[in-house]
Amino acid sequence: MKIAILPGDGIGTEIVAQAVRVMDALGLPFETEHALVGGAAYEAHGHPLPAATLALAQSADAVLFGAVGDWKYDTLERALRPEQAILGLRKNLGLFANFRPALCYEQLTDASSLKPELVAGLDILIIRELTGDIYFGQPRGRRESPDGAFAGAEEAFDTMRYSRPEIERIAHVAFQAARQRGKRLTSVDKANVLETFQFWRDIVTEVHAQYPDVELDHMYVDNAAMQLVRAPKRFDVIVTGNMFGDILSDEAAMLTGSIGMLPSASLNASGKGLYEPSHGSAPDIAGKNLANPLATILSVAMMLRFSLHRPDAADRIEAAVRSVLAAGLRTADIWSGGTQKVGTREMGDAVVSALQGRTAKTTIG
Ligand code: IPM
Ligand code: MG
């Protein structure tokens with residue numbers, strides 16, 4: 001099992017280091033290889049996604065990704081920004097299906113910004129289409145080519161588009177996922193205003209004919225954003241486009257107490273995947289041993305389940321995380337209800353100890 005390890009920028013290096021320790025503690029035959037990505041790769045090689053990094057990701061059985069981005073790159077031309085690394089990986093590896101579960105851990109109910117009764121037991125899955133939509137349409141604007149034709153342009157635009165096969169394949173993924181859970185799928189769109197999303201709604205409705213056992217409803221994105229904070233437990237699986245999925249998945253993540261808890265998987269047609277925390281590079285807390293590594297550690301569990309066919313090892317990681325939370329250990333982002341405040345490294349130590357069958361015991365350092 002060859003795993004490409006791409007820590008990236010900001011807290012990416014700290015949280016991925018802890019996830020790698022957890023992988024090592026499993027005692028499985030992993031072969032890992034690290035590469036630079038994002039701002040770190042730009043500094044070293046002049047490009048956020050160097051050819052060697054892309055080649056490594058392509059040759060690996062799975063990719064573990066940290067996070068990319070820093071405000072200091074805000075003035076760079078768009079093609080060189082750190083974010084282009086993750087967008088390039090998604091596109092080049094064909095990772096069209098993004099799974100973003102939002103699970104509220106029993107011990108963290110009080111960490112949510114919503115009333116505990118609204119989120120207790122919350123378990124929803126957002127499936128975001130990841131390689132189409134306005135993210136990959138034709139852009140025009142000043143940062144596209146700062147020295148070129150659009151340098152002083154007084155307008156900018158991006159193009160929103162979806163093709164039938166793109167919508168069909170994500171719809172199939174979503175219906176199949178719903179079939180294995182609560183059998184309810186909500187397709188989120190903006191069919192009342194956007195032609196792209198009327199098309200989306202039509203195709204999802206067509207595909208539904210093949211999944212009569214799954215209940216489908218359609219919801220406009222503004223209403224979905226409201227329902228997520230009004231009554232989130234009404235949802236089971238949500239499927240939506242790239243842009244709406246980006247926004248709604250951050251919103252859903254916060255319901256669970258902290259975006260620092262949530263893993264994600266991005267899969268291609270052959271089940272190969274890139275696994276990353278749902279959160280970003282958080283440059284404000286980088287290098288301070290403050291970041292919560294659990295989202296990345298739980299991403300390793302998703303990797304084991306989806307790409308490496310070791311659900312047993314995935315279960316072990318998830319059980320270890322639950323036991324650490326039950327023991328009262330908390331990073332700052334999930335502090336509520338905790339008894340012991342720990343940093344990134346100590347949280348990693350605790351998960352490793354729990355995996356090895358020892359009780360979580362840490363010192364703060
Ligand atoms: C995410 C991030 C990315 C996105 C950025 C870093 C390009 O916000 O994975 O949700 O917009 O997709
Ligand atoms: Mg996002």
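One-based numbering, in listed order, for ligands and for the atoms of each.
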S.K.: Has Arg90 got any heavy atom lying under 4.0 angstrom from an atom of ligand 1?
M.R.: yes
S.K.: Apply the side-chain hydrogen bond (donor to acceptor under 3.5 Å, both in side chains) test between Asp236 and each candidate in Arg184, Arg181, Lys183; give the one that qualifies.
M.R.: Arg181
S.K.: Looking at Ile297, Leu108, Thr331, which one forms a side chain to side chain contact (heavy atoms under 4.5 Å, CB included) with Met261?
M.R.: Leu108
S.K.: When you measure from the Mg ion (ligand 2) to the N, O or S atoms of Asp246, does any of those distances fall below 2.8 Å?
M.R.: yes
S.K.: Could you tell me, atom by atom, which parts of ligand 1 come under 4.0 Å of a heavy atom of Arg128?
M.R.: 1 (C), 4 (C), 9 (O), 10 (O), 11 (O), 12 (O)
S.K.: Short list, please: which atoms of ligand 1 are under 4.0 Å from a heavy atom of Tyr135?
M.R.: 4 (C), 11 (O), 12 (O)
S.K.: Are the ring centres of His208 and Phe175 closer than 6.0 Å?
M.R.: yes
S.K.: Within the 4.5 Å heavy-atom criterion, are Leu26 and Arg316 side-chain neighbours or not?
M.R.: yes
S.K.: Under a heavy-atom criterion of less than 4.0 Å, does Arg100 contact ligand 1?
M.R.: yes
S.K.: Are Gln84 and Tyr42 close enough that a side-chain donor and a side-chain acceptor fall under 3.5 Å?
M.R.: no
S.K.: For the rings on Phe197 and Phe244, is their centre-to-centre separation under 6.0 Å?
M.R.: yes
S.K.: Do me a favour and list the nearest non-hydrogen protein atom to atom 6 (C) of ligand 1 with residue, atom name and distance?
M.R.: Glu83 CG, 3.8 Å
S.K.: For ligand 1, find out whether one of its N or O atoms is nearer than 3.5 Å to an N or O atom of Asp246.
M.R.: yes
